[in-house]
Protein chains: 2
Amino acid sequence: MAKLDKRSEIVRAAVQIIADQGFHGSPMAMIAERAGVAAGTIYCYFESKDILIKELYREIEGKLLEALRVGYQTERPIRERFLHLGINFLKYFVAHPLESKYMEQFHNSPYGVDLRRGRFAKEFKDDDLLYLELFEQGVAQQVIKDLPTILLFALAFGPVITLTRDHILGFIELDDALIEKTIAACWDGIKR
Amino acid sequence: MAKLDKRSEIVRAAVQIIADQGFHGSPMAMIAERAGVAAGTIYCYFESKDILIKELYREIEGKLLEALRVGYQTERPIRERFLHLGINFLKYFVAHPLESKYMEQFHNSPYGVDLRRGRFAKEFKDDDLLYLELFEQGVAQQVIKDLPTILLFALAFGPVITLTRDHILGFIELDDALIEKTIAACWDGIKR
DNA sequence: CCACATTGAATGACCATTCATTCAATTCCA
DNA sequence: TGGAATTGAATGAATGGTCATTCAATGTGG
């Protein structure tokens, strides 16, 4: 069925272009051209550019979540689980630069604000829950500092986000050893 | 002299509007209106929108650097200096939401990428140098983890950036106590 | 009266979205 | 089965809106 084919060509093209030009540098006409379809065709699959952008995010987020869950065991100690998630997180982004750049664009835009607003309103996504649960248990077990969850998020994710950016821009080569050291340092930041 | 007056009205208006609408949501015509001048007048003071944006950044950065230097003493221990800088950093942003939002917009845009590219090319700014020196000394004295400087930056600034954002969006109220705890946690992340 | 500051309408680009039209594939019917 | 009718995916030129920037005209302080 050519229908799915075109859709996925559009998705591929859109992620590629948006990842390195940003939303404003990615006219629908350009996406269409890269996908090998006409401008109007995109609207057969996505109501608007806005909806296309959100849909791409959902697909990428899904794949990331999958990567995070691989080998994740709820019964392991807090620290090990934290390291597992953090390391998988960074490794996923290093292995998937396009997706990584896309998420970066998404988060640093009004879309990202909406996302955060949703979290603030307790509309958590699956990956939020993974961390939320971890932090709550960690605080209860007194292995993690007793700070507001949002602050723990900042301490745990802030360095990862910043570092991912530096990696994307080619400022640092992240190999497995460095990734592990980084996440270990993040743990030092939140552990009691 | 009305000339300086108009210039600073333009600056004020531009920072206000860009801070909460972003660069794309801030047409020159709107900035002009808020400043009480005609659209063309802006071009008497700034060659282009691009130059206006960079100039605003320079002015804000200057004020931030000033705030960081107040009470900073090179002869104090590494940890104390780190806490001093980090705490002043966060306090400045909490006290100056407009500047804070403007910097956020700036960093999350192609301008921010240029900035980072400059750092990567060793074109450091004064505030970079402040931290750079601190990290180098800390590593030499074996009180800070022996990691690449860029990674130390990420560990130290990542949480601050993330948290500033959350504060801007009203997701957390940062009082002095919380600020101190946050920076202390960042220190835990980089200390040996 | 002049040099200079200011004005704001006009210009030219750029872009998301629309929609009349095309046409290949499918359905229908004799 | 063969040919006509129907469908709806795909197209891409046209539309309408937004904006940065320009510049001829106007205002003004010295």
Side-chain angles (χ1 to χ4, degrees), chain A residues 1-59 101-102 105-106 108-114, chain B residues 1-59 101-102 105-106 108-114:
Chain A
M1 173 70 70
K3 201 170 166 185
L4 286 181
D5 221 44
K6 298 226 165 170
R7 200 195 121 102
S8 59
E9 276 310 304
I10 292 167
V11 167
R12 180 210 310 288
V15 171
Q16 269 182 23
I17 294 178
I18 293 174
D20 70 56
Q21 319 259 14
F23 300 120
H24 291 285
S26 307
M28 294 296 260
M30 191 187 289
I31 293 172
E33 194 189 17
R34 176 90 55 108
V37 301
T41 308
I42 298 178
Y43 291 85
C44 296
Y45 298 94
F46 303 95
E47 268 185 56
S48 65
K49 188 176 185 176
D50 208 69
I51 285 176
L52 167 64
I53 288 169
K54 289 177 188 159
E55 180 57 29
L56 295 177
Y57 180 76
R58 246 174 266 122
E59 296 196 8
K101 288 187 199 179
Y102 186 91
Q105 300 281 3
F106 192 89
N108 297 319
S109 75
Y111 300 107
V113 175
D114 287 347
Chain B
M1 174 69 69
K3 199 166 168 189
L4 286 181
D5 222 42
K6 296 221 166 171
R7 199 194 122 102
S8 60
E9 276 310 304
I10 291 168
V11 168
R12 180 209 313 286
V15 172
Q16 270 182 20
I17 294 178
I18 293 174
D20 69 58
Q21 319 260 13
F23 300 119
H24 290 286
S26 307
M28 294 298 260
M30 192 187 287
I31 293 172
E33 194 189 20
R34 175 90 54 109
V37 301
T41 307
I42 298 179
Y43 291 85
C44 296
Y45 297 93
F46 303 94
E47 268 186 56
S48 66
K49 188 176 186 178
D50 207 70
I51 285 177
L52 167 64
I53 287 170
K54 289 178 187 158
E55 180 57 29
L56 295 177
Y57 179 76
R58 246 175 264 124
E59 296 195 9
K101 287 187 200 179
Y102 186 90
Q105 300 280 2
F106 192 88
N108 297 318
S109 75
Y111 300 107
V113 174
D114 288 347

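Lettering follows sequence order; numbering is per chain, from 1. FYI, side chains are in, hydrogens and waters are out, and symmetry mates aren't considered; it's all heavy atoms of this structure.
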Using whole Å, report how far [atom1] of [X] lies from [atom2] of [N].
| X | N | atom1 | atom2 | answer |
| --- | --- | --- | --- | --- |
| B:D5 | C:dA5 | CG | P | 15 Å |
| A:I18 | C:dA16 | CD1 | C1' | 13 Å |
| A:I31 | C:dT17 | CD1 | C1' | 13 Å |
| A:I42 | D:dT11 | CD1 | C1' | 12 Å |
| B:K6 | C:dA5 | NZ | P | 12 Å |

Review item, side-chain donor-acceptor pairs of residues 14-24 of chain B, under 3.5 Å, at least two apart:
{"residue": "B:Q16", "atom": "OE1", "partner": "B:R34", "partner atom": "NH1", "Å": "2.5"}

Return the minimal non-hydrogen interatomic distance between A:Y102 and A:I53, and the atom names on each side. OH-O, 2.7 Å
For the student: nearest non-hydrogen atoms of A:I10 and A:Y45, plus distance: CD1-CD1, 3.8 Å
For each nucleotide in nucleotides 18-27 of chain D, reading 5' to 3', give B when a protein heavy atom comes within less than 4.0 Å of its base, S when such contact involves only the sugar-phosphate, and - otherwise. -SSBB-----
Looking at C:dT7, D:dA10, D:dT11, which one has an atom nearest to any side-chain atom of B:C44?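 In terms of side-chain proximity for B:C44, the closest of C:dT7, D:dA10, D:dT11 is C:dT7.
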Between B:M28 and B:Y43, does the side chain to side chain contact (heavy atoms under 4.5 Å, CB included) criterion hold? Intermediate values first, please. CA-CA 10 Å; B:M28 294 298 260; B:Y43 291 85; 3.5 Å; yes
Carboxylate-amine/guanidinium proximity below 4.0 Å for B:R12 and B:E9: yes
Which pairs count as salt bridge (charged side-chain N to carboxylate O under 4.0 Å, His left out) when at least one residue sits in residues 41-57 of chain B, sequence neighbours excluded?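 Listed once each, the pairs are B:R7-B:E55, B:D50-B:K54, B:E55-B:R58.
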